[in-house]
Amino acid sequence: MEYNFNEIEKKWQQYWAENKTYKAKIDYNKPKYYVLDMFPYPSGAGLHVGHPLGYIASDIYSRYMRLKGYNVLHPMGFDAYGLPAEQYAIQTGTHPEITTYKNIDRYKEQLNKIGFSFDWDREVRTSDPSYYKWIQWTFIQLFEHWYNNNTNRAEHINELIKEFETNGNKKVQAACCEVREFTADEWKNLNEKEQQEILMNYRLAYLSNAMVNWCPVLGTVLANDEVQDCFSERGGHPVERRLMKQWSLRITAYAQRLLDGLEKINWFESLKEMQRNWIGRSEGALVRFHFSPTPSKEEKTTPLPFREDLKGICIEVFTTRPDTLWGATFMVLAPEHELVEKITTPDREEKVMEYIKWAKNRSERERIAEINNITGEFTGAYSINPVNGKEIPIWIADYVLMGYGTGAIMAVPAHDSRDFKFARHFNIPIIQVVVKDGEELSDPFSWEDSYDSKEGKMVNSGIINGMEVKKAIKKTINRIEEMGVGYGTVNYRLRDAIFSRQRYWGEPFPIYYKNGIPYTLDESKLPLKLPEVDKYLPTESGEPPLARAKNWVTDEGYPLETNTMPGFAGSSGYYLRYMDPHNDKEYFSKKANNYWRDIDLYLGGDEHATGHLIYARFWNMFLYDLGLVCEEEPFKKLINQGKIQGRSSFVYRITGTNKFVSYNIRNNYKTNRLHVDINLVDNDILNIEAFKKWQPEFCDAEFILEEGKYICGWEIEKMSKSKHNVQNPDDLIEKYGADTFRLYEMFLGPLESHKPWDTKGIEGVFRFIKKFWRLYHDEQNNFYVSDETPTKEELKILHKTIKKIQEDIKRFSFNTVVSTFMICVNELTDLKCTKKAILEDLTVLICSYAPHIAEELWLLLGNNKSITYATFPVFNKEYIKENTFIYPVSFNGKMRFKLELPVDMPVKEIEKLVVSDDQAQKWIIGKQIRKIIIVPKKIINIVVNQIVVNNQFLK
RNA sequence: GCCCAGGUGGUGGAAUUGGUAGACACGUUGGACUUAAAAUCCAAUGGGCAUUGCGCCCGUGCGGGUUCAAGUCCCGCCCUGGGUACCA
C-alpha cells in the first residue's frame, strides 16, 4: 500500500475519538503524570503554525509517559475572555460569546487534525458559567479572608472580627492597608459602615483607589499598551491618569512565600530570577524625616507605624542603604505624593503645579526609562535629616514613583547614580560617606558617577565612621529605632493586583452594594451570569458596560457591581478545574486533587513569566491555605517554548512605476520594498503569473529579472496578516500530513528558542517519513516484515537509538530526537533491514512523534490494540558495547589525525603508542614534547614547543 | 533605562560535564533512472590557498583573558527578541 497519510490520519483520529483513547481516569495502580499547555485565547485568525509548537512537544511527552506506564492527564481548554472579541462586538454588535465560540470550534477542528492526545471530555472554557462560577466562588473566599502575618497564612475574616471584639487591632499582625489603632470598645461602638470600612483594609480582595489610564472620550480605562504618549492608540484621544475605585487582590501578602516557593520548583533559573526580580525583595529601613522646624521630643519618640496625627508633619522613606543617611542631602517626593500640596511654599506653587500636571500623565515606564531626561522642582520646603539634624531641601521629580516604597526617597547623590545625576543637574551638594577599599576620600564634584557598591568604609557619618557598610547598616537601624524615627523593614517591589476591568466580556463580580458598602452574594446565587446589554460600550456617564444591563440588581433590589474581572481571573486556577471539570458541587473534589495533585510538566510562552505564573501561584497558595489543594506550588516543572516567527518575502518596485526589479539588482534602481504573500514565493523565486493575479494593481506589472528569475528578498518578522507571512497548519497537513507536520515543528530547532518558520525544510522530513514507511514494505509497496533474528549490527542501531531518544526526551530536546530517527532509518535502510523484532520496537519509539503512521504500522504488525498503551522498549547496553575507540589526536589543541585504540588500553600505553605512530612524526620532529594529555575515550592532546631545536638531538 | 534570553556555513540547526566545530536536514551543483516530468537514488558542498601526494591557513556577533584544550568559562562591548504590572 502506498503511504496515504490522509486516509491513515483520518482513520486513527476517528478511532481515538470513538474509543476515547486518551480519557484520563483516576487509577491508583499507576503513578499519575499531569502535562499541561497554557491554554490559548481563541483568536479570530485561527491557529497558525506557532501555536502548536508547545502542544506538539507536550503531546509527545504525554504519549511517551503513557508508554512508560504513567497515568497521564493531558487536557486542553480555552481562555475565552479577551479584548479582541469585545472590540469586535463594539464594532459589529455581535455578542462576544458568538465570536468566541465560533473561534473555539475552529481551533478545536485545527487541533484535532494534528492528532493530539487530549482528553477533550475535560475541556474548560473560562466564559462558561459552570466554570466561572468557581472563579466567583474563589473571589468570595478572597473577600472573606485576611492574611495573618503571625501564622503566615490566610484566615477567615470572622476570626479577625472576634479578635477586634476582644482586643481591638493592637495585637493583629496583618498584611493590610494603613489602619489606625483601635480598642475592642472602640470597635464595638463603630457602626456597620465604619466596621466594614475597617475590614476592607484587611480583606485579600479589597476595594481601594488605584491609578488607571482614564480616557474621557472613550469613557473607559485603557491598558498601558493601548496608550501612546498620553493618547489612546485607537482614535488618538487624550488619556489621563486618574484614581479610581478598583478591586484589588492582596498578592503582596504572599510576597515572601512566592519568593521562597521558587526554591522548591524545577524551573529554568532565568525564569525564577525574573520572578525574584519582579517580587523585588529588599531589606532596609523605613525612616521618618520631620519638617523643619524640628518637632518636639515627644512627637519624635511616639512609636510607629501609621499615626494619623503624624501624617502631614513627616515624610516616610524606604531605603536599602540606611548607612548612607549622613550623605542624604535632599529628598525627592513623587509628584503625585499627597504631601506635595501641603508642603509647597507659595512662591513655588505655580512651578510645582505645572510640573505635577506634566509628570502625572507620563507613563511609569517613561518615567523610569528616561534616565538622561532629568526633571524636577523644588517645593520650597525643608526637612530635617534625623541623624545629624541638618536641613535638607525637598524636591519633587518623576523618577520617584508613587507605587514603590512610600513614594518618597532620601537622596544620597554620592552613592546612587540617579540621585547623583539629579544633584549634578540642579547643583545640590554631594557628600561622600562611603570610601571604596584602598581608596581615599575625594571631592565628589570631580566624580563621573556615584559609587553605588555595598563595599567600603563609612566616612563623614558620625557614630558609624570607619565601619564596613554591612555593619553600618545594622548600626544605623538600631540607632533610628532608638531615636524612634524609623525601623528596619523589608520592602517588596511587587504590587497588589488590580482586579477590576471596565469591560463587558469578563466574569461579573459576585458583589452587590447596600448603602454603598460591598457585600458578597450568597453561594447559592452563583454563578452570577453575565447579563445581556444593548451595546458593549461604557454608558454616557462613563460607567462600565454592565451598567447598561436591565435589572442588574439582586433579588432584594440592591445594585450589583458593574466592573468585570480581568483576564487572569479565569486563567489563574484553570489547571485545578481540569482535575474534576464536571463537579457542580465544588471547584474540584478532594479526591481528584489528592490524586492529580500538581502539574508535572507545564508548557507555555515566556511572555507569561511574571504575569500569569505569579498570579496562578498566588491563587494556588491561597487555596492551599484554605486546605483545598494539597500542593502549595502548582507547577513542578516548567518549560517555555519559543515563538515561531514569520519569514516575510519582499518584491522591489521601482519608485513611481509598476515595474519590479529582482533582489540582487535592486540597488541599481530607486525602489520601494513591498511585502508579498509567501504563498506566491518558492525558494525565494516569485511565481510571476500568480503575483499578477494576486492583487488587481499588479495585473500588468513588469519585471526586471536576473537569470530569467525574479528573486525575492526576505526578512524574519512577527507572523502577521499584514505582513503576508502567516502560515496556517491546515494547508501543510493537507499536503504532507499531520505526522510530518509534527515532526517538522520539532525538527525546526530547540523547543525553548525563538525560530523563524520556513516551509523549505518540511520536504526533508516528508522524505524521511516515506522512507520510514518503506522499511515496512517491499518494492511493490506490500507490507512485509520478516521473523528472522536480527543481526548484531541491527540491534546496535536500534539500541543506540533507544538510548539517545530516552536521553533527549528527558532533557526535552525534541529536535535531536527527530535527527536520531533519521539516522536510524537511514542506517536500517542501508542494511535493508526487514526484521520484525527491530521494526516493531522502532514503531513504538516513533509513535509519540508520529502517532498516526505508528498506529497503522502497529496494526499491520499484527497488534489489535492501540499503540498508545504499548511499552517503551528497554535499552540493553550490551548491544552497543564497543571494543575500540577512535581517538582524535591533537597537537597543541589542533586535531591532526585519528587513531583507533582498544577502549581498555591504559593511558601509559596509549602515550607510548601515539608518539611512535607514523602519523605523529610529522608533528613531533623538530619539536620538544612538553606534555601529553590523554582523556580515556575522549581525546589525546600532545603539547609540543614551537621552537625548532636540534633535530639530531631529538631523535 | 531595568530584568531575562539569544547571536555557529547560503538556510534551520548539532556539538549533553571545557575535549574531533558544522551531526541531521534544507538549498545548491553534478550524475543515475525517465520520451519528459514527478518521485527515488548516488556524489560534492564553511571560507581561502594549493591541487592530484597529501596538505596548509582562517573560522562559532566584536575586543580582551583563563586553559594542554574555549562555541562552551571570565571581563568589556555590539546587535536581536521577550517582559516592564489592563494585549494574550
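Since we're looking at a predicted model, the values are computed, not measured. Below, chain A is the first sequence line, B the second, and so on; all start at residue 1.
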(request) Between B/U11 and B/G65, how far apart are the P atoms? Round to whole Å, please. (result) 30 Å
(request) Please state whether the phosphate of B/U84, meaning OP1 or OP2, lies under 4.0 angstrom from any side-chain nitrogen or oxygen of A/Arg493. (result) no
(message) On the nucleotide B/U40, are OP1 or OP2 found under 4.0 Å from the side-chain N or O atoms that A/Lys770 carries?
(response) yes
(request) Can you tell me, in whole Å, how much space there is between the P of B/C73 and that of B/A88? (result) 38 Å
(request) Assign each of A/Val943 and A/Lys755 to its nearest nucleotide of RNA chain B by heavy atoms, then name whichever residue's nucleotide is nearer the 5' end. (result) A/Lys755
(message) My understanding is that only residues two or more places apart in sequence, or in another chain, count here; which of them pass side chain to side chain contact (heavy atoms under 4.5 Å, CB included) with A/Gln246?
(response) A/Ala210, A/Val212, A/Met244, A/Ile498, A/Ser500, A/Gln502
(request) Taking atom C1' in both B/G27 and B/G12, compute the distance separating them and give it to the nearest angstrom. (result) 11 Å
(message) Work out how far the P atom of B/G31 is from that of B/A37, and round it to whole angstrom.
(response) 12 Å
(message) Check whether A/Asn725 reaches the backbone of A/Lys718 with its side chain - one donor and one acceptor, N or O, closer than 3.5 Å.
(response) yes
(request) Rounded to the nearest angstrom, tell me the gap between atom OH in A/Tyr492 and atom C1' in B/C3. (result) 19 Å
(message) Given B/A88, B/C56, B/G81, identify the nucleotide with an atom nearest to the side chain of A/Asp79.
(response) B/A88
(message) One character per nucleotide, please: for nucleotides 15-29 of chain B, 5' to 3', B when the base has a protein heavy atom closer than 4.0 Å, S when only the sugar-phosphate does, - otherwise.
(response) SB--BB--BBSSSS-
(message) Using atom P in both nucleotides, what's the gap between B/G19 and B/A69 to the nearest angstrom?
(response) 14 Å
(message) For a quick test of reading the model: is some side-chain N or O of A/Arg774 closer than 4.0 Å to OP1 or OP2 of B/C41?
(response) yes
(request) Ignoring backbone atoms, test whether A/Asn224 places a side-chain nitrogen or oxygen under 4.0 Å from the OP1 or OP2 oxygen of B/A85. (result) yes
(request) Please measure how far the P atom in B/G82 lies from the corresponding atom in B/C75, and state the result in whole Å. (result) 27 Å
(request) Dot-bracket for RNA chain B, please, read 5' to 3', with Watson-Crick or G-U wobble pairs under 3.5 Å on both distances, ( ) within the strand, [ ] crossing, | other strand, . unpaired. (result) (((((((..(((......[....)))((((((.......))))))((((.....))))..(((((..]....))))))))))))....
(message) Suppose you measure atom P in B/G18 against the same atom in B/U72; what distance do you get, rounded to whole Å?
(response) 11 Å
(message) Return whichever of A/Asn213 or A/Lys931 has its heavy-atom-nearest nucleotide of RNA chain B closer to the 5' end.
(response) A/Lys931
(message) Would you measure the distance from the C1' atom in B/G81 across to the matching atom in B/G55 and give it in whole Å?
(response) 44 Å
